[in-house]
**Q** 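Mind looking over this structure? Questions follow.
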Amino acid sequence: MLIREAAAEDWPRIWPFRRRIVAAAETYTWDPDTPEDAARALWMGPGKRVYVAEDDAGAVVGSAYVTPNYGGPAAHVANAAFMVDPDHAGQGIGRALAEHILDAARAQGYRAMVFNAVVDTNPAVRLWLSLGFTILGTIPDAYEHPRFGTVGLHVMYRPL
């Protein structure tokens with residue numbers, strides 16, 4: 001698997017699984033009805049370093065970005081987002097992207113990373129905990145999950 005910085009022409013290969021993941025409303029708090037142009041701006045907009053994971057055949061099977069969580073005096077704290085094509089889940093792509101992003105964020109001068117709203121039922125919570133993140137707090141009953149009803153949202157943190 002190759003992980004590299006994304007180029008503008010990668011978006012058409014990211015969009016199908018990004019649309020599918022967000023539409024499922026299982027793990028992301030983003031509006032499932034976001035049109036493609038707005039979704040592209042959210043994922044690949046200014047200030048974000050976007051990466052893609054390619055399988056051995058060159059197919060984009062995952063993507064992630066790193067960006068400042070806030071600006072100004074708090075710009076040294078990173079935020080990130082990760083998506084793996086559901087057709088390629090369970091192959092270690094998410095872990096590889098996460099390790100790559102943590103290294104990239106450190107190399108870019110960030111001193112910590114925070115995730116603002118991780119859905120309690122997201123299987124990636126186990127991954128983040130295994131990579132040294134802690135749950136700083138949970139907002140109870142903050143997310144209307146399509147299968148589990150109202151669940152919490154975690155705020156997760158890790159120093160770099």
Side-chain angles (χ1 to χ4, degrees), residues 1-8 10-11 14-15 17-18 21-22 24-32 34 38-54 60-86 88-145 148 150-160:
M1 175 175 34
L2 170 70
I3 298 175
R4 61 170 175 80
E5 198 153 350
D10 288 315
W11 176 251
I14 297 168
W15 170 240
F17 64 82
R18 191 266 182 213
I21 290 166
V22 174
E26 292 273 338
T27 55
Y28 272 86
T29 60
W30 295 337
D31 183 354
T34 303
R40 182 180 186 147
L42 282 169
W43 197 260
M44 299 188 75
K48 294 182 177 171
R49 298 283 296 270
V50 183
Y51 300 87
V52 292
E54 293 181 334
V60 173
V61 294
S63 184
Y65 68 72
V66 64
T67 190
N69 192 52
Y70 296 107
H76 63 279
V77 177
N79 182 262
F82 302 82
M83 288 193 184
V84 173
D85 184 332
H88 297 274
Q91 298 176 17
I93 297 164
R95 177 172 291 278
L97 275 168
E99 291 171 347
H100 184 87
I101 289 293
L102 288 168
D103 289 342
R106 193 176 305 107
Q108 292 167 36
Y110 291 106
R111 297 196 306 257
M113 185 172 287
V114 65
F115 300 142
N116 299 308
V118 180
V119 179
D120 183 45
T121 56
N122 187 336
V125 170
R126 287 187 315 280
L127 171 61
W128 307 135
L129 292 172
S130 77
L131 291 171
F133 282 83
T134 58
I135 297 173
L136 295 180
T138 302
I139 304 164
D141 302 327
Y143 188 78
E144 292 293 334
H145 194 280
F148 302 117
T150 308
V151 299
L153 290 174
H154 300 309
V155 176
M156 301 185 79
Y157 166 83
R158 179 198 153 152
L160 298 174

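Owing to the predicted nature of the structure, the values given are computational and were not obtained by experimental measurement.
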**Q** Testing the basics here: between Thr150 and Ala142, what is the closest heavy-atom pair and its distance to 0.1 Å?
**A** CG2-N, 4.1 Å
**Q** Output the distance between atom CZ (Arg106) and atom CD1 (Ile101), rounded to the nearest 0.5 Å.
**A** 12.0 Å
**Q** Under 4.5 Å between any side-chain heavy atoms of Val60 and Asp85, yes or no?
**A** no
**Q** Drop me the distance from Met83's CE to Ile14's CD1, to the nearest 0.5 angstrom.
**A** 10.0 Å
**Q** Determine whether a donor-acceptor pair (N or O, by modelled atom type, separation under 3.5 Å) exists between the side chain of Arg158 and the backbone of Gly132.
**A** no
**Q** Show your working on side-chain contact (heavy atoms from CB on, under 4.5 Å) between His145 and Asp120 and close with a plain yes or no.
**A** CA-CA 10 Å; His145 194 280; Asp120 183 45; over 6 Å; no
**Q** Walk me through whether Arg18 and Trp30 qualify under side-chain contact (heavy atoms from CB on, under 4.5 Å).
**A** CA-CA 11 Å; Arg18 191 266 182 213; Trp30 295 337; 3.2 Å; yes
**Q** Do you know which two heavy atoms are closest between Pro68 and Ala75, and how far apart they sit?
**A** CB-O, 4.0 Å
**Q** Could you report the tightest heavy-atom contact between Val50 and Met44, atom names first, then the distance?
**A** CG2-CA, 3.9 Å
**Q** What verdict does the side-chain contact (heavy atoms from CB on, under 4.5 Å) test give for Gln91 and Val84, after you've listed the backbone C-alpha separation in whole Å, the side-chain angles of each residue and the deciding distance to 0.1 Å?
**A** CA-CA 10 Å; Gln91 298 176 17; Val84 173; over 6 Å; no
**Q** With distance as the sole test, does Asn79 use its side chain to make a donor-acceptor pair with the main-chain N or O of Thr67 at under 3.5 Å?
**A** no
**Q** Quick one, Leu160 with Arg111, criterion side-chain contact (heavy atoms from CB on, under 4.5 Å). Give me CA distance, side-chain angles, the key distance, then yes/no.
**A** CA-CA 5 Å; Leu160 298 174; Arg111 297 196 306 257; 5.6 Å; no
**Q** How far apart are the closest heavy atoms of Ala64 and Phe82, and which atoms are they?
**A** CB-CD2, 3.5 Å
**Q** Using a 6.0 Å cut-off, check whether atom CZ of Phe148 has over 12 heavy atoms from anything other than its own residue.
**A** yes
**Q** Under 3.5 Å, side chain of Asp10 to main-chain N/O of Ala7, donor-acceptor pair present?
**A** yes
**Q** Between Leu153 and Val119, is any pair of side-chain heavy atoms under 4.5 Å apart?
**A** yes
**Q** State, to 0.1 Å, how close Ile93 and Gly62 come at their nearest heavy-atom pair, and which atoms those are.
**A** CG2-CA, 4.5 Å
**Q** Would a distance-only check, ignoring hydrogens and angles, find a side-chain to backbone donor-acceptor pair under 3.5 Å from Arg40 to Trp11?
**A** no
**Q** Please round to the nearest 0.5 Å and tell me the distance separating atom CD1 of Ile139 and atom NE2 of His154.
**A** 10.5 Å
**Q** Search all heavy atoms of Ala53 against all heavy atoms of Ile3 and return the closest pair with its distance.
**A** CB-CG1, 4.1 Å
**Q** At what distance, to the nearest 0.5 angstrom, does CE of Met1 lie from CG of Leu97?
**A** 7.0 Å
**Q** From Glu26 CD over to Ile21 CD1, what is the distance, rounded to the nearest 0.5 angstrom?
**A** 11.0 Å
**Q** Looking at Tyr28, is its backbone amide N or carbonyl O close enough to the side chain of Tyr143 to form a donor-acceptor pair, meaning the two atoms are under 3.5 Å apart?
**A** yes
**Q** So, taking the atom named CG in Asn116 and the one named OG1 in Thr29, what distance separates them when rounded to the nearest 0.5 Å?
**A** 9.0 Å
**Q** Checking the side chain of Ser63 only, and the main-chain atoms of Tyr51 only, is there a donor and an acceptor separated by less than 3.5 Å?
**A** yes
